[in-house]
Amino acid sequence: MREYYIAESLKNRHTFAGKLAWIMPLTVVALSAMLTWDYFTIDCYNWWYTVLFPGMAAFLCGAVGNRDKKLGNRAIWTLPAEPGNIWDGKILYGIRCMGTALLVLGGVTLAAGIGMEQILHRVLRISLTPGQQIFAVLILFTVSLWQIPFCLFLQQAIGTFPMVLLHMGMWVLCSAELSLKPYFWVLPGGIASRMMCIILGILPNGLVAEPGSMTYSPELMERTGLPLGIAASLIWFFLFWRLSRKWFERKVER
């Protein structure tokens, strides 16, 4: 799939899609620093996985998928290539952008937090260790993979604008409500928020996961949820990838 990934990367090299991986994480870091600097670190991550990242994934997949769709995908169908491999290239490019965005988020948040404490001498009410932040970035990458094939499929099936509305609406509902339930793994949108409760001690509403905080319960902090959430996310990812690939192949054949 290397050739198809490279082709997709070149196709989107100087487009808005590639810039999103830098714009979105830098935006959330800047907003957190300006609006809530005393909770800077936890707000960077909380605002990212509850709002900014699902929005980035939707707009990214909309941009990637729409370049060929607006031409009726005729440029793809005339190529002497397997349609499934072309679909794989789009997914791999989306994953690359997602990974870049998370690296930017983690690196800038860590550096800015250290700068605030050691240079500006500001006291952050809640400080996360570098180890916690690195682990959080790795887990967020793993449990967010499913969004790329899912959003690409919806974009091709129903269009960009309906896809953005559906994905964001589903994400907000699952992130705020389903992540607090014992069956949080049933729909993938609730998994990331639950993982961050365990790793960073942050509730989906942005409060510290401690007794007395709204929506807190001891079950949210059980570390047995980590392997369950990771496994469920990977299963959803491969399921969406496989089904969307088959759908795209059949669409080309018709």
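L173 and M214 fall into different hydrophobic clusters, where Ile, Leu, Val, Met, Phe, Trp and Tyr side chains are chained together by heavy-atom contacts under 4.5 Å. Under the 4.5 Å side-chain heavy-atom criterion for ILVMFWY residues, no single connected hydrophobic cluster contains both L102 and L138. Transitive grouping of hydrophobic side chains (ILVMFWY, heavy atoms separated by less than 4.5 Å) brings V186 and F150 into a common cluster. Two different hydrophobic clusters hold I235 and L140 under the rule that ILVMFWY side chains link at heavy-atom gaps under 4.5 Å. No continuous path of hydrophobic side-chain contacts links L207 to I198 [ILVMFWY only; heavy atoms under 4.5 Å].
No donor-acceptor pair closer than 3.5 Å links the side chain of S32 to the backbone N or O of V28. Although no hydrogens or angles enter the test, the distance criterion places a donor-acceptor pair under 3.5 Å between the side chain of S244 and the main chain of W241. Here the side chain of N46 pairs no donor or acceptor atom with the backbone of N205 at under 3.5 angstrom. A donor-acceptor pair is defined here as one N or O able to donate and one able to accept, closer than 3.5 Å; such a pair exists between the side chain of W171 and the backbone of Y49. Remark: the backbone N or O of A209 is not paired with any side-chain donor or acceptor of S213 at under 3.5 angstrom. Looking only at distances, no side-chain donor or acceptor of R194 sits under 3.5 Å from a matching main-chain atom of L178. Checking side-chain atoms of Q133 against main-chain N and O of L128 turns up a donor-acceptor pair under 3.5 Å.
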I'd like to know whether M195 forms a side-chain contact (heavy atoms from CB on, under 4.5 Å) with L226, so could you lay out the CA-CA distance, the side-chain angles of the two residues, the decisive distance to 0.1 Å, and finally the verdict. CA-CA 6 Å; M195 298 295 97; L226 277 175; 3.7 Å; yes

Quick one: do V137 and Y45 satisfy side-chain contact (heavy atoms from CB on, under 4.5 Å)? Show the steps, please. CA-CA 9 Å; V137 167; Y45 288 100; 4.2 Å; yes

Decide side-chain contact (heavy atoms from CB on, under 4.5 Å) for I95 and F141; before the verdict, give the C-alpha distance in whole Å, the side-chain angles of both, and the deciding distance to 0.1 Å. CA-CA 9 Å; I95 291 173; F141 177 79; 3.8 Å; yes

Run the numbers on I139 and M196 for side-chain contact (heavy atoms from CB on, under 4.5 Å), then give the verdict. CA-CA 9 Å; I139 295 300; M196 294 304 102; 4.2 Å; yes

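Atom CG of L60 and atom CZ of F53 lie 8.5 Å apart (nearest 0.5 Å). Taken to the nearest 0.5 Å, the CG atom of L31 stands 11.0 Å off from the CG atom of L26. Taking CE of M116 as the start and CD1 of I114 as the end, the distance is 12.0 Å to the nearest 0.5 Å. For the atom pair CG (L203) and OH (Y216), the distance works out to 8.5 Å, reported to the nearest 0.5 Å. Going from atom CG of D43 over to atom OG1 of T36 covers 3.5 Å, rounded to the nearest 0.5 Å. Atom CE of M221 is separated from atom CD1 of I199 by 10.0 Å, given to the nearest 0.5 angstrom.
Contact of the T142 side chain with the S233 side chain is not registered, since no non-hydrogen atoms from C-beta on lie closer than 4.5 Å. Contact check for T109 versus F40: side-chain heavy atoms found under the 4.5 Å cut-off.
When all heavy atoms of W146 and F240 are compared, the pair lying nearest together is CE3-CE1, 3.7 Å. Minimum interatomic distance between I42 and G206 (heavy atoms only, all atoms of both residues): CD1-O, 4.1 Å. Here the shortest heavy-atom pairing between F135 and R223 reads CE2-NH2, 4.3 Å. Summarising the geometry of Q147 relative to P54, their closest heavy-atom pair is OE1-CA, 3.5 Å, with the distance given to 0.1 Å. Considering every non-hydrogen atom in both L220 and S179, the closest pair reads CD2-O, 4.1 Å. Between G94 and I148 the shortest heavy-atom distance is O-CD1, 3.8 Å.
For F59, the CZ atom sits in a loose shell: 12 or fewer heavy atoms of surrounding residues, nucleotides or ligands are nearer than 6.0 Å. Residue W47 places its CH2 atom among more than 12 non-hydrogen atoms of other residues, nucleotides or ligands, all under 6.0 Å distant. Heavy atoms from other residues, nucleotides or ligands lying under 6.0 Å from CD of E177 number 12 at most.
In the model, S193 has a side-chain atom that pairs as donor or acceptor with a side-chain atom of S175 under 3.5 Å.
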